[in-house]
Amino acid sequence: MDKTYSTAVETDIYNGWEKSGAFTPKIDKTKKPYSIILPLPNANDPMHMGHAVFTIEDILIRYHRMLGEPTLWLPGGDHAGIETQFVYEKKLAKEGKSRFDFDRNTLYKMIWDFVEENREINKAQMKKLGFSMDWTRYHYSLEEPIVKNVLTVFKKLYKDGLVYRDEKIVNYCTHCGTAFSNLEVDYVDEVTSLYYMKYGPFILATTRPETKFGDTAVAVNPKDKRYEIYVGQEITVEGLNGPFKVKVIADEMVDMEFGTGVVKITPAHDPDDFEAGLRHHLEVKKVIGFDGRMNELAGKYAGLTVAKAREQVVADMQEKGMMVKTDTNYQHRIGRCYRCKHIIEPMVAPQWFIKIDKLAKPAIEAAKNGEVKFFPTRFKKSYITWMDNIKDWNISRQIVWGPRIPAWYCLECNPKIKLNFLDKGKNLVTDVYAHIKDKYTYEEIKDGLQSLTAPVEAKFEIEENDKCPICKSKKLLQETDTFDTWFLSGQWPLNTLGFNPEDPEKSSEDFKYFYPTTVLDTLWDILFFWVARMVMFGIYLTGEVPFKTVHLHARVVDAKGQKMSKSKGNVVDPLLMTKKYGTDALRMALVYGIAPASDIVVSEDKIRAHRNFVNKIWNASRFVLMIIDRLQVKDIKLDVDTKILNTDNKDILNKLEIIVKSTTTDLNTYHFGRAAENLYQFFWHEFCDIYIEKVKDRNIEMVPVLLTVLITSLKLLHPFVPFVTEAVYQQLKSTVKLPEDQLMTATWPKS
RNA sequence: GGUCGUUUAGCUCAGUUGGUAGAGCGCACCGUUUACAUCGGUGAUGUCGGGGGUUCGAGUCCCUCAACGACCACCA
């Protein structure tokens, strides 16, 4: 054996494990399975420390495999809709192109190829981290059978009356060109200006003077004596494009204390105002387009971006004496796109929604009655609170990367459909079908199609037909909106295990055996995005929760407690660390001393410290082998006759018994940090520093004890540091007769 | 505004069910004994955020205050 442990053996060891078939569990109905579905990483994303924390899952998996349970860890890759398209568009931008240069089929194909190139890298990286996943059951979210199931589920939801199209106010990012769900908006405190402007007989305060052209009312509080006499009247407002009239309404939403107690109502561009508009039956007047520019209703400001328009409007109003004062130090929250950080424009647009109440109720119940348990338990409360306040889910995204919503519109029946497409000359055409139907053939539109926007009242079919069932026209176009990524991944445990949504009875053996899975482990930041949706889909489709326990793990931060991000430049690359110090050192550093769901501090110092520990394991083993060799022991028996042992030997065996117990308990209760810490202490200090030092150069009778302690320790350590322990085990095997072929599948020590 | 979390040695953090504090890194001194210098030995450093309470006894339970952080929320 070499003087230091060489991490070069890792690849061979991993391949050996994989070849042995031990990653692939056999269905044994006499035994209870143990299963974890990997939170599918973005197939396109190189690994970061967040992925390396899946070490926790590997620890659970290796432990349960050693307990002899049929153990499944199912890996996967996510196409990650908006995330991937965003990355790809950035790549296009570098080449001086944009998504508008391509028809959607071409763009889709390009992104597909891009992801395919990277998907294998992602898999290789997970193998490098030693993850004992069943690669024979790997799934990619855009596999044909998975997509087929997702579409089937959509149809089922539709038939159950849980899908609807509606024109509501949605969070729209004009930069990404798509609407988002409420979860995808980050609210950031920012200092802006609050403008006090003349508004008919009032003065009112607003942060958004530029949306004035879309005002269809002005509101005051019904209890506000100051404005009582105006309620119900129509007032004339001096506008920059000439005077206009709006109604004065009374609504509880108005805070009398704020500003002047008068609010202009712009239903098309503010969520509160939209709601007010519904209550008071106000006209919705859009003045901002999906391109983020003012439209023709803004008069001379048409074509300006929102920011430019605001500047101009303010300047003009000041000039005309319509601006009373400006509070330039007004702090409030602004919604920004979680992806590109641009300001989210609330916009009214037709979108697809899921009615969520019916799905949420049983999912709340499951948490309350313990069908789904949470660890740490405090997350149960935030899960329930969020689910109690959940709103209908906007599942449509105006991007190409992802499965299209299976709805078909007949162009003849819906002539008002707005189309964006590239004609034969690759020129972008944007118009309503009725206007261009004689100019372009159906084929030309279909082939060059980028996107369509159907009016909210448009008729559609949820099945694909070769002709319109009403007018028999063959000019059908599929909805160009794609699904929110989480609509797919929300069904992930079902689809990866082979659930058949058309006929659940015909689901696969895997599904029948492994569902519900045992543990779902993930970072708490996707508790709502993903975990909650999986619970809802799981119960809706199967009547059962998808997993019995939700284990929320911690976030990796740097030595200063800062979240790692590329922009901060404080990322520690896990693969670089494995290269420098070995995978085991990294794994140990990730779990050593961490408390459940508190931040994990990973510094290179800590990884180096555990590299030293790994080396200690190696050298202690080397010493034991050397003793055996020196003493020329033959026929080593592992059974220890405790009667003949001296105090030192008895002592170490007692301590071994304790560490077996505590490790087992800690793993059963998700106390990985404590387990790792205790093992470290035991192995290095109790075993190496004290026991080995005491028994050095002593007689032959200690060999069985040495071996017992070593082998038992290796087993306990294996889930944490699989490579070095397996490497040592294989070395031992060549000298000592050992019952088990590889440590990975050896039996967990009995406590 | 609501909810939750954190506050322990110079730094980063552990401390299961309450019994007078631990680890890693760092630091000081010593050690070239043939498993390992990616090592061993010895040692220093803490009124466990402040205050109050329960208890024979509290870092650990309760109350309160403070600082920091996270999440949720439609205030123009």
Side-chain angles (χ1 to χ4, degrees), chain A residues 1-5 169 171 182-183 185-187 194-196 204-209 211 215 218-219 251 253-255 257-266 269-276 330 332-333 335 346 376 378-382 384-386 388-389 391 524-525 527-528 555 557-563 581-582 585 588-589 592-627 630 662 665-666 669 671 673-678 680-681 684-685 688-690 692-693 696-697:
Chain A
M1 277 173 92
D2 293 334
K3 215 170 160 185
T4 51
Y5 167 65
I169 195 139
N171 308 299
N182 294 333
L183 280 172
V185 182
D186 286 337
Y187 290 92
L194 182 65
Y195 304 98
Y196 287 77
L204 61 74
T206 182
T207 55
R208 302 207 62 182
T211 60
D215 293 355
V218 60
D251 197 289
M253 75 182 270
V254 181
D255 178 356
E257 309 293 317
F258 186 90
T260 58
V262 184
V263 185
K264 68 186 197 68
I265 302 295
T266 323
H269 299 291
D270 183 278
D272 292 330
D273 295 3
F274 184 78
E275 293 296 320
Y330 176 63
H332 74 138
R333 293 175 85 74
R378 65 185 142 96
F379 287 102
K380 176 177 168 180
K381 192 172 177 184
S382 44
I384 290 174
T385 308
W386 186 74
D388 277 340
N389 297 307
K391 291 195 176 139
W524 41 255
D525 67 343
L527 182 62
F528 306 139
R555 193 181 52 173
V557 296
D558 70 6
K560 287 178 194 148
Q562 300 264 309
K563 187 179 172 177
Y581 302 107
M588 197 68 182
Y592 182 92
I594 57 160
S598 70
D599 287 351
I600 301 174
V601 181
V602 175
S603 58
E604 200 163 334
D605 274 349
K606 192 172 175 186
I607 299 169
R608 197 182 300 116
H610 287 288
R611 187 270 317 265
N612 296 352
F613 176 60
V614 167
N615 189 240
K616 193 75 186 177
I617 298 172
W618 177 261
N619 271 295
S621 311
R622 190 158 74 99
F623 174 76
V624 172
L625 279 170
M626 206 174 270
I627 293 278
R630 196 191 300 158
S662 74
T665 307
D666 282 343
T669 55
H671 289 90
R674 200 164 61 198
E677 215 172 322
N678 289 334
Y680 180 103
Q681 287 304 314
W684 197 319
H685 301 302
C688 295
D689 291 348
I690 298 172
I692 286 184
E693 290 306 320
K696 256 185 187 170
D697 294 323

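These numbers were taken from a predicted model, which means no experiment stands behind them. By convention in this document, chain letters (A, B, ...) are assigned in the order of the sequence lines, proteins followed by strands, and residues within each chain are numbered from 1.
Counting non-hydrogen atoms under 4.0 angstrom, A:Tyr195 reaches nothing in the nucleic acid. A:Ser598 comes within 4.0 angstrom of the backbone, heavy atoms only, and of no base. Heavy atoms of A:Gly593 sit under 4.0 angstrom from primed sugar atoms or phosphate atoms, though from no base atom. Within the 4.0 angstrom heavy-atom criterion, only backbone atoms of the sugar-phosphate kind lie near A:Thr206; the bases stay farther away. Residue A:Val262 is classed as having no contact, given no heavy-atom separation below 4.0 Å to the nucleic acid. At a threshold of 4.0 angstrom between heavy atoms, the contacts of A:Thr207 are confined to the sugar-phosphate backbone, with no base atom among them. Residue contacts shown for A:Asp666 are absent, as no nucleic acid heavy atom lies under 4.0 Å away. Counting non-hydrogen atoms under 4.0 angstrom, A:Lys381 reaches the backbone sugars and phosphates but no base. Here A:Ile692 lies in heavy-atom contact (under 4.0 Å) with a base. As judged by a 4.0 angstrom heavy-atom cut-off over every strand, A:Arg378 is placed among residues touching the sugar-phosphate backbone only.
Remark: C1' of B:G1 and NE2 of A:His332 are 17 Å apart, rounded to the nearest angstrom. The CE atom of A:Met1 sits 11 Å away from the C1' atom of B:C36 (whole-angstrom rounding). Going from atom CZ of A:Arg555 over to atom P of B:C71 covers 7 Å, rounded to whole Å. Residue A:Glu275 contributes atom CD, which lies 8 Å from atom C1' of B:C74 at whole-angstrom precision. Between the CD atom of A:Glu693 and the C1' atom of B:G40 there is a distance of 7 Å, given to the nearest Å. Nucleotide B:C74 holds its C1' atom 7 Å from the NZ atom of A:Lys391, rounded to whole Å. Regarding A:Ile600, its CD1 atom lies at a distance of 16 Å from the P atom of B:U6, rounded to whole Å. For the pair A:Ile594 CD1 and B:C13 P, the interatomic distance rounds to 12 Å; values are reported in whole Å.
Atoms CD1 and NZ, on A:Ile600 and A:Lys606 in that order, are 7.5 Å from each other to the nearest 0.5 Å. Remark: A:Trp618 CH2 to A:Asn612 CG distance equals 16.0 Å, nearest 0.5 Å. To the nearest 0.5 Å, atoms CD1 (A:Ile594) and CZ (A:Arg674) are separated by 12.0 Å.
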inquiry  = Is there a side-chain contact (heavy atoms from CB on, under 4.5 Å) between A:Asn678 and A:Asp666? Walk through the geometry before answering.
reply    = CA-CA 10 Å; A:Asn678 289 334; A:Asp666 282 343; 3.9 Å; yes
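Annotation for A:Val263 and A:Val254: closest pair CG2-CG1, 3.9 Å, computed over non-hydrogen atoms.
Qualifying ring-ring contact (aromatic ring centres under 6.0 Å, His included) partners for A:His610, counting only residues two or more places apart in sequence or in other chains: A:Tyr592, A:Tyr680.
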remark   = In B/S/- notation (B base, S sugar-phosphate only, - none; protein heavy atoms under 4.0 Å), nucleotides 23-29 of chain B written 5' to 3' is SSS----
Pairing pattern in dot-bracket form [Watson-Crick, G-U; both distances under 3.5 Å; | = partner strand] for RNA chain B = (((((((..((((........)))).(((((.......))))).....(((((.......))))))))))))....
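Side-chain atoms of A:Asn615 and A:Thr4 form no donor-acceptor pair, as typed in the model, at a separation below 3.5 Å.
Side chains of A:Met253 and A:Asp272 form a contact here, defined as non-hydrogen atoms less than 4.5 Å apart.
Contact annotation: A:Lys616 side-chain N/O to B:A35 OP1/OP2 distance is not under 4.0 Å.
Taking for each of A:His671 and A:Arg611 the nucleotide of RNA chain B with the nearest heavy atom, the 5'-most of the two is the partner of A:His671. Taking for each of A:Phe528 and A:Glu257 the nucleotide of RNA chain B with the nearest heavy atom, the 5'-most of the two is the partner of A:Phe528.
Few gaps surround CD on A:Glu693; more than 12 heavy atoms of other groups in view lie less than 6.0 Å from it.
Only the C1' atoms considered, B:U54 is 32 Å distant from B:A70, to the nearest whole Å. Between B:G59 and B:C65, the distance separating the two P atoms is 22 Å to the nearest Å.
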